[in-house]
Amino acid sequence: MLSIEVIRFTRNQRILSAFVVLLNIAVALYLLFVDSQRSPTHDRSFSFPHALATLPPNASQSESIEVGSSSRTREIATLASAMAEIIRLLIPEPSTANEYLAQHEPKTFRFYVYDNLSHEYTWQYSASCMKAKRRLSDTCDWGESVCGEKRLTRSPYSKRRLNRNGDLVLSKAFSSYQGILRTYDPIDADLFVVPYPSQAHFHCNQTSHEDVETRLLDRLAYFNKKTRRKHLFFSSAVRSASNKFMGSLPLLVTIGPVDRQCRIGRNCGQIVMPYVNTNPEYQPMVVQKNLRSLKDRKFAMVAKFNAYISGNSMPRSDFLKVVGNVTAIAGFPVLISALGRRRTMPNERSVLEDYRNAIFCPCLRGDEPPQKRLFDVMMSGCIPVVLDFPSKDPGYRSHFASMATSTRGAYPFAKGSFHGWPEMGLDYNEFMVTVNGTCGVSCIVPTLEDLLLNHRDRLVNMQERLAKVIKVFSYGMEHNTLQHADAISAILVQVKHYVDSLGQVS
Ligand SMILES: *[C@@H]1O[C@H](CO)[C@@H](O)[C@H](O)[C@H]1NC(C)=O
Ligand SMILES: *[C@@H]1O[C@H](CO)[C@@H](O)[C@H](O)[C@H]1NC(C)=O
Ligand SMILES: *[C@@H]1O[C@H](CO)[C@@H](O)[C@H](O)[C@H]1NC(C)=O
Ligand SMILES: *[C@@H]1O[C@H](CO)[C@@H](O)[C@H](O)[C@H]1NC(C)=O
Ligand SMILES: *[C@@H]1O[C@H](CO)[C@@H](O)[C@H](O)[C@H]1NC(C)=O
């Protein structure tokens, strides 16, 4: 709490924060008391601010911290088996998956999480900083976990879910994790996790290359030439408006596209994360249950986007021109609406509800290959429709532009991203409709019409495969963190794969 004072507060916020400080002191004293009552299983020697960093979200969770070995044994079953479940999703063929599991057993995997970063480099700092900076009543994606119902009405969608929240969400999840795969002894660690939300921090404080080198890296006790490639960093994006230095770190989780395309046959630590959706309907426990079958979807197509993006918005404006008047495809109604210039959604909840009611959802290029929309759409069980081009990556297509980043460098957990295991990873063609990019938007409606009229079985297969895999795009938040087959356990599977393969020649 101490350094939160750095941030300028309004008067009401000051009163509130004084109250929060008192509350936190009480809880921290209680935790210190509890801590002194247990026999120290490992010397974590946490001082006051670090006890705060590991505050459990509610009472039932604090039990699992206290009871020690029995709950830890239960936890081993959760995260390690979540990772095994991910492996089986990424390798659908059972005997190959068994072979993989025999070589890459998640149960023996151990990671160390730095719990003494200086305060400015913690997720708590960036979360309060974002709050102070954005002055939104609704900053629930910035460290406050699942966004409640009330917050969703009239939310300025693109502002609340700014792309930079991904590294903060991951930093928080790893800092809070108390389960058995976390080791407190660096000797046992296969991996070192640095829970630093680099782009959230950059967004608030314009951190420089030197800040990160001297105030973060130089102070990591176990970071050296030998362990560098086993240090995991988070950076929501490595782009022009970001701290580009993060892109030079060998093991980095970022939203796509990757900064450097990994050459085929190389072991690369550039890991693509899905965009974060913190809405309750998209949590790993319920995301599949919320899906509707093909026959329960009333729209053939739902398209909601604006054409006023800073980058190349041609396909979107072409779409509105060419397809904008279409009212039905193969007898099913179509819903097309252009969002306003400010790129805000009047009601995010109803937009997502429309996606859950649609068979097809076009995802046309924006500034970068992936976009939040793609993940919202997939997790709503709506089949994405993309324009397809050759890429500069032999054997892979681009869904962005001709000779641009391939799907392997743009999408999370894609086939071709697991060194030595070409059969591992998601094949996005199994659950996306790709439309001839040269022909462009005018080919969209005929392609969809043909599928609806003549290839129902193909559509059902696509929907079923999509339903199976969507968990890997979902972030378990709060008490759901790091125990389900979800985006975070999938990231861990890919990170472990990279680390396991380090010794091998590439
Ligand atoms: C970081 O940004 C926040 C919000 O603008 C500001 O209150 C704080 O003083 C800044 N911290 C530093 C170290 O510059
Ligand atoms: C507390 O955590 C438990 C699971 O650990 C969950 O079922 C419950 O809903 C949580 N309560 C609150 C208020 O978040
Ligand atoms: C963090 O802890 C390690 C191990 O106890 C110590 O060597 C290091 O100096 C600490 N770093 C900071 C920034 O306090
Ligand atoms: C769509 O409808 C508008 C308004 O009726 C009309 O001006 C426009 O020409 C139509 N576009 C196409 C491609 O038919
Ligand atoms: C894609 O569309 C272009 C232009 O309409 C056409 O020339 C080309 O043959 C099409 N490619 C395929 C594979 O159908």
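Order of appearance sets the numbers: ligands from 1, and atoms from 1 within every ligand.
Note: Phe192 and His231 have parallel aromatic rings, judged against thresholds of 30 and 60 degrees for the angle between ring planes. Ring planes of Tyr222 and Tyr112: perpendicular class, angle over 60° (limits at 30 and 60°).
Residue contact check: Cys129 has heavy atoms under 4.0 Å from atoms 1 (C), 2 (O), 3 (C), 4 (C) of ligand 1. Ligand-side atoms of ligand 3 in range of Ala221: 3 (C), 7 (O), range being under 4.0 angstrom from any heavy atom. Near Tyr125, with a cut-off below 4.0 Å to any heavy atom, the atoms of ligand 1 are 1 (C), 8 (C), 10 (C), 11 (N), 12 (C), 13 (C).
Aromatic ring centres of Tyr196 and His201 lie closer together than 6.0 Å. In this structure, Phe360 has its ring center at least 6.0 angstrom away from the ring center of Phe299.
Under 3.5 Å, the side chains of His203 and Gln199 contain no donor-acceptor pair of N or O atoms.
In terms of protein heavy-atom proximity, atom 5 (O) of ligand 5 is nearest to Cys439 CB, 3.7 Å.
In this structure, atom 14 (O) of ligand 5 is in close contact with the protein, since a protein heavy atom lies within 4.0 Å of it. Atom 9 (O) of ligand 5 is not flagged as protein-proximal [any protein heavy atom, distance under 4.0 Å].
Between Arg408 and Asp393, at least one side-chain N (NZ, or NE/NH1/NH2) sits under 4.0 Å from a carboxylate O, which counts as a salt bridge.
The closest approach between any non-hydrogen atom of Cys204 and ligand 1 is below 4.0 Å. At least one heavy atom of Tyr222 sits less than 4.0 Å from an atom of ligand 3.
For ligand 3, the polar-atom distance check finds no N/O of Ser118 at less than 3.5 Å from any of the ligand's N/O atoms.
Between the choices Asp388, Asn436, Thr438, the shortest heavy-atom distance to atom 2 (O) of ligand 5 belongs to Asn436.
Within 6.0 Å of NZ in Lys496 there are more than 12 heavy atoms belonging to other residues, nucleotides or ligands.
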